[in-house]
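Shown next, in structure tokens, is the structure this report addresses.
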Amino acid sequence: MERIQVAEDVSLSRIVHGMWRLSDWGYSKQEVVDFIEKCLELGVTSFDHADIYGNYTVEEQFGQALELKPSLREQIELVTKCGIKLISSNRPEHKIKYYDTSKEHIIQSVEQSLKNFRTDYIDILLIHRPDPMMDPSEVAEAFTQLKREGKVKRFGVSNFARSQIKLLNSYLDEPLVTNQIEISATHLEHFEKGTIEQCQVDRISPMAWSPLGGGSIFTSTDDKVKRVRNVLEKVKEETGAESIDQVLYGWLLTHPSNIIPIVGSGKIERVQSAVSSLEIPLSRQQWFEILEASKGKEVD
Ligand code: NAP
């Protein structure tokens with residue numbers, strides 16, 4: 001599979017797998033190993049995580065699989081995040097949900113992630129959400145230290161607006177390598193707010209979370225989603241795609257900003273389907289037909 005070189009020393013597979021829902025799948029350690037190996041066979045080598053996934057348990061569940069088969073570590077890229085503090089029985093000291101991008105928290109969170117993953121480095125660390133209390137000089141200090149210690153190779157952000165990316169970049173020695181944002185045919189916010197354009201300005205690839213609307217595209221009775229679903233069915237027939245999810249991935253992959261979809265399914269056949277979507281480029285007219293269905297009107 002084609003890869004995306006996000007920095008000199010880090011590349012990601014064109015399709016990334018997201019582990020947000022791992023703790024819901026009821027997989028044993030061996031089944032997590034099997035799932036990772038099957039992803040690798042498909043060319044999906046990059047795995048997206050966050051400290052908070054599964055109520056602070058997913059990184060460790062994944063790490064236990066890496067412990068069972070340590071040779072997997074050098075075959076994969078680990079992306080993880082920090083900066084959100086959840087109310088959780090696993091973090092009784094959190095009285096409310098809040099953000100923390102202090103140097104101390106970023107470093108402490110990475111140390112914990114390294115322990116959870118049973119590894120000594122993370123490929124890309126993302127700040128999970130923009131923090132109104134962010135001191136960019138502190139974030140920069142944390143990044144510099146983590147890089148110098150070899151604990152994190154590269155840094156990015158998630159859910160950042162254009163101005164927030166520019167602010168943080170202006171303090172960093174090395175530019176951010178990605179902005180992970182919600183992008184799908186039913187979620188156009190970042191086309192409209194210029195977030196994707198800012199990625200193009202910065203020559204970085206956005207990562208797209210919930211590329212299938214978190215699964216709602218298959219089930220929602222909302223008028224907009226129904227409209228989009230109908231057009232997806234039509235484009236599926238026209239392109240010879242096997243399922244509408246392939247058309248949705250194709251819609252993201254066809255965009256010139258090199259969007260990297262993060263597949264959230266725990267079923268390997270659905271990861272395979274996402275990979276097959278690389279063979280299904282959409283025409284410009286099909287792309288706009290899906291856009292039109294989502295907007296509910298033709299372009300001006
Ligand atoms: P998604 O692909 O939009 O949704 C995945 C959900 O759709 C799963 O529950 C899956 O169920 C279901 N699904 C997939 N194909 C289906 C089909 N053909 N029919 C019915 N249901 C289907 O992605 P997501 O999980 O919401 O997000 C992907 C990743 O993005 C996450 O794992 C996480 O890594 C990342 N993320 C990041 C942020 C952020 O703030 N940075 C926020 C949210 C997510 P099955 O498992 O049963 O297939």
Side-chain angles (χ1 to χ4, degrees), residues 12-13 15-27 31-32 35-36 38-39 44 46-55 57-59 61-62 76-86 97 99 113 122-131 155-161 164-165 176-187 189-190 195 199 205-220 225 228-229 232-233 236 241-253 259-277:
L12 297 178
S13 48
I15 306 274
V16 167
H17 188 276
M19 286 287 168
W20 177 26
R21 302 170 194 270
L22 172 63
S23 58
D24 300 336
W25 301 333
Y27 285 175
E31 283 167 334
V32 179
F35 187 83
I36 298 170
K38 285 179 191 149
C39 285
V44 175
S46 309
F47 296 90
D48 183 66
H49 285 265
D51 57 342
I52 57 172
Y53 285 175
N55 200 15
T57 64
V58 160
E59 285 185 339
Q61 200 185 339
F62 195 91
I76 66 174
E77 298 80 41
L78 286 175
V79 179
T80 196
K81 317 185 190 80
C82 66
I84 301 178
K85 288 188 163 176
L86 294 183
K97 181 180 181 186
Y99 300 144
S113 295
I122 283 159
D123 292 273
I124 306 179
L125 177 75
L126 310 180
I127 301 294
H128 205 152
R129 293 243 163 217
D131 169 10
F155 302 88
V157 289
S158 180
N159 304 299
F160 269 45
Q164 292 158 339
I165 286 252
L176 298 164
V177 299
T178 189
N179 188 9
Q180 186 179 120
I181 47 187
E182 182 173 10
I183 321 175
S184 71
T186 51
H187 192 93
E189 173 192 359
H190 297 294
T195 327
C199 291
S205 298
M207 297 175 78
W209 60 263
S210 292
L212 310 180
S216 63
I217 192 72
F218 304 101
T219 51
S220 175
V225 179
V228 173
R229 199 159 52 222
L232 293 172
E233 290 289 353
K236 181 189 96 166
E242 289 155 14
S243 52
I244 59 168
D245 57 296
Q246 290 186 343
V247 181
L248 279 167
Y249 291 122
W251 191 79
L252 294 174
L253 292 164
I259 295 169
I260 304 172
I262 313 174
V263 177
S265 175
K267 301 192 167 68
I268 198 68
E269 62 277 13
R270 291 181 176 166
V271 183
Q272 160 85 68
S273 184
V275 171
S276 302
S277 69

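Whatever order the structure lists them in is the order used to number ligands and atoms, beginning at 1. FYI, side chains are in, hydrogens and waters are out, and symmetry mates aren't considered; it's all heavy atoms of this structure. What you see is a predicted model, and the numbers here were worked out from it, not measured in a lab.
- The heavy atom nearest to atom 1 (P) of ligand 1, considering only A50, S216, G214, is found in G214.
- Closest heavy-atom contact between Y27 and Q61: O-NE2, 3.6 Å.
- The distance from the OG atom of S184 to the OH atom of Y249 is 11.0 Å, given to the nearest 0.5 Å.
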### Task
Just do the side-chain contact (heavy atoms from CB on, under 4.5 Å) check on V58 and H49 with the steps written out, would you?
CA-CA 8 Å; V58 160; H49 285 265; 3.6 Å; yes
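- Among all protein heavy atoms, the one lying closest to atom 23 (O) of ligand 1 is S210 CA, 3.5 Å.
- Rounding to the nearest 0.5 Å places CD1 of I181 at 8.5 Å from CD of E189.
- For H49, no nitrogen or oxygen atom sits less than 3.5 Å from a nitrogen or oxygen atom of ligand 1, counting backbone and side chain alike.
- Remark: K38 NZ to E31 CD distance equals 9.0 Å, nearest 0.5 Å.
- Residue I181 does not touch ligand 1, judged by heavy-atom distances below 4.0 Å.
- Minimum heavy-atom separation, L252 to P211: CD1-CB, 3.6 Å.
- For the pair Y249 and ligand 1, the shortest N or O to N or O distance does not fall below 3.5 Å.
- Ligand 1 has a nitrogen or oxygen under 3.5 angstrom from a nitrogen or oxygen of G18.
- With sequence neighbours left out, the side chain to side chain donor-acceptor pair (under 3.5 Å) criterion links T195 to H190.
- At a heavy-atom distance under 4.0 Å, only side-chain atoms of F218, from C-beta outward, approach ligand 1.
- In this structure, the protein non-hydrogen atom closest to atom 7 (O) of ligand 1 is G215 CA, 3.2 Å.
- Contact annotation for S158 and ligand 1: only side-chain heavy atoms (C-beta onward) come within less than 4.0 Å of the ligand.
- Under the 30°/60° scheme for interplanar angles, the aromatic rings of F35 and W25 are found to be tilted.
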Donor-acceptor contacts under 3.5 Å from residues 259-269 side chains, at least two apart:
residue : atom : partner : partner atom : Å
S265    : OG   : K267    : N            : 3.0

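- Summary of contacts: the protein heavy atom closest to atom 40 (O) of ligand 1 is N159 ND2, 2.9 Å.
- Looking only at atom types and distance, the side chain of E182 has no donor-acceptor partner in the side chain of S210 under 3.5 Å away.
- Looking at every heavy atom in both residues, Q164 comes nearest to N159 through OE1-O, 4.3 Å.
- The aromatic rings of Y53 and H128 sit perpendicular, their planes meeting at an angle over 60°, well past the 30° parallel limit.
- Atom 45 (P) of ligand 1 has R270 NH1, 3.4 Å as its closest protein atom, hydrogens excluded (heavy atom only).
- Heavy-atom proximity to atom 42 (C) of ligand 1, evaluated over W25, W209, F47, is greatest for W209.
- By the criterion of a heavy-atom distance under 4.0 Å, both the backbone and the side chain of P211 are placed next to ligand 1.
- With a 4.0 Å cut-off on non-hydrogen atoms, R21 touches ligand 1 through its side chain and not its backbone.
- Scanning the protein for heavy atoms near atom 28 (C) of ligand 1, the closest one is I262 O, 3.3 Å.
- For a threshold of 3.5 Å applied to N or O pairs, the pair formed by V263 and ligand 1 contains no separation below that value.
- Residue K81 places a heavy atom less than 4.0 Å from ligand 1.
- By the 4.0 Å heavy-atom criterion, H128 is counted among the residues contacting ligand 1.
- Counting only heavy atoms of the protein, atom 31 (C) of ligand 1 lies nearest to W20 CB, 3.4 Å.
- Protein heavy atom at the shortest distance from atom 34 (O) of ligand 1 is D48 OD2, 2.6 Å.
- Near M19, meaning under 4.0 Å from one of its heavy atoms, ligand 1 places the atoms 32 (O), 34 (O).
- Regarding atom 47 (O) of ligand 1, its nearest protein heavy-atom neighbour is K267 NZ, 2.5 Å.
- Those atoms of ligand 1 that come under 4.0 Å of a heavy atom in G213, given as number and element, are 3 (O).
- Side chain to side chain, N55 and T57 fail the donor-acceptor criterion of an N or O pair below 3.5 Å.
- Between E59 and T80, the side chains place a donor N or O and an acceptor N or O closer than 3.5 Å (distance only, hydrogens not considered).
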